[in-house]
Structure formats: C-alpha cells, structure tokens
Amino acid sequence: MSPSTWWDNLVLIDDVATIPSKPARPARVYVDSGDSQAVDDGEDTNLLAQKYLDIGYVEGVDFHHVVQQGAQHSEQYWQQRFPGAAKFLFGPRTP
C-alpha cells in the first residue's frame, strides 16, 4: 500500500528485477498509490508497477496496480483501498 519507492535511490524498483521466475515468485502482487504528487510519489510507483509487468506479471491476473485520484500517503486512503487489495490478493484466482 503506497510504497515508499523513493527510498534508497529507488532500490525497491531495482529489486523487482531480482524476483525469481514462476513458480518461486510471489503468486500475486498488489501495488497502489494516490495521485497527489505532493505526498505520494505516483511517478515512481508507476515505474514500480511497470517493472512487474516487464518481468511477466499480468494486470488483473497475478498483478494489480491502483492509483486513487486525490489520495495521499496516509492511513485514511490506505483504509479506503484495503478491501480491494485484500480481495485481489486473497480472493479466488482468475482462470
């Protein structure tokens, strides 16, 4: 939820390239952020999401990226997005 992608010179984004291939990698990945650039760095989070797609994750199947309009990096907005995140991560698999 709203990852701090800016941390340590974007190391989180670079680390995605080290994820092992199937079946050892995480079964599902959820990435989200708000689009309020003042507090939540949406550009870097979009880059993180693209890295997952680049290594073979498929949007809506084993990967989901959400950008909440007007949202900031805070518990208030994470609470709003949590039900969708939990449903994607722990719900039934899409064939």
Side-chain angles (χ1 to χ4, degrees):
M1 311 282 307
S2 195
S4 296
T5 49
W6 53 265
W7 182 78
D8 196 17
N9 295 316
L10 308 178
V11 71
L12 179 64
I13 295 169
D14 293 336
D15 282 350
V16 172
T18 68
I19 293 175
S21 57
K22 290 181 179 180
R25 72 183 189 186
R28 296 182 190 176
V29 174
Y30 174 89
V31 173
D32 75 8
S33 71
D35 69 356
S36 175
Q37 296 292 345
V39 184
D40 206 355
D41 193 351
E43 284 184 38
D44 290 341
T45 304
N46 290 339
L47 181 58
L48 175 65
Q50 186 59 52
K51 291 287 184 176
Y52 279 106
L53 297 173
D54 291 347
I55 65 167
Y57 280 88
V58 178
E59 176 63 46
V61 176
D62 55 3
F63 178 76
H64 192 44
H65 178 215
V66 172
V67 178
Q68 184 181 10
Q69 187 174 359
Q72 298 178 4
H73 187 84
S74 78
E75 291 86 352
Q76 172 188 352
Y77 296 103
W78 302 335
Q79 177 184 13
Q80 293 170 9
R81 296 192 301 262
F82 181 78
K87 182 178 179 181
F88 175 75
L89 291 170
F90 303 111
R93 293 197 179 272
T94 305

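Here the shortest heavy-atom pairing between Phe88 and Asp62 reads CZ-C, 3.7 Å. Taking every heavy atom of both residues into account, Asn9 and Asp14 meet most closely at O-OD2, 4.4 Å. The two residues Ile13 and Lys51 make their nearest non-hydrogen contact at CG2-CG, 3.6 Å. Residues Ser4 and His73 share a closest heavy-atom pair of OG-CE1, 4.0 Å. Between Arg81 and Ser2, the closest heavy-atom pair is NH2-CB, 3.7 Å. When all heavy atoms are compared, the tightest approach of Pro3 to Leu48 is CG-CD2, 3.9 Å.
Leu89 is not connected to Leu53 by any chain of hydrophobic side-chain contacts under 4.5 Å among Ile, Leu, Val, Met, Phe, Trp and Tyr, and they are in different clusters. Cluster annotation: Trp78 and Val66 are assigned to the same hydrophobic cluster (Ile/Leu/Val/Met/Phe/Trp/Tyr, side-chain heavy-atom contacts under 4.5 Å, transitive). Ile55 and Val61 fall into different hydrophobic clusters, where Ile, Leu, Val, Met, Phe, Trp and Tyr side chains are chained together by heavy-atom contacts under 4.5 Å.
In this structure the side chain of Gln68 never reaches within 4.5 angstrom of the side chain of Asp35, judged on heavy atoms. Using a 4.5 Å heavy-atom threshold, the side chains of Ser33 and Met1 count as separate. The shortest distance between side-chain heavy atoms of Trp6 and Leu12 does not fall below 4.5 Å. Looking at heavy atoms from C-beta onward, His65 lies in side-chain contact with Thr45 at the 4.5 angstrom threshold. At least one side-chain heavy atom of Val31 sits under 4.5 Å from a side-chain heavy atom of Val29.
Seen from the ring of Tyr57, Arg25 counts as a face-on cation partner, given the 6.0 Å and 45° thresholds.
With 3.5 Å as the limit, one finds a donor-acceptor pair spanning the side chains of Asp54 and Gln50.
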As a quick check of understanding, evaluate side chain to side chain contact (heavy atoms under 4.5 Å, CB included) for Tyr77 and Asp32, giving each step before the final call. CA-CA 10 Å; Tyr77 296 103; Asp32 75 8; over 6 Å; no
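A tilted orientation is assigned to the rings of His64 and Tyr30, their planes being inclined by 30° to 60°.
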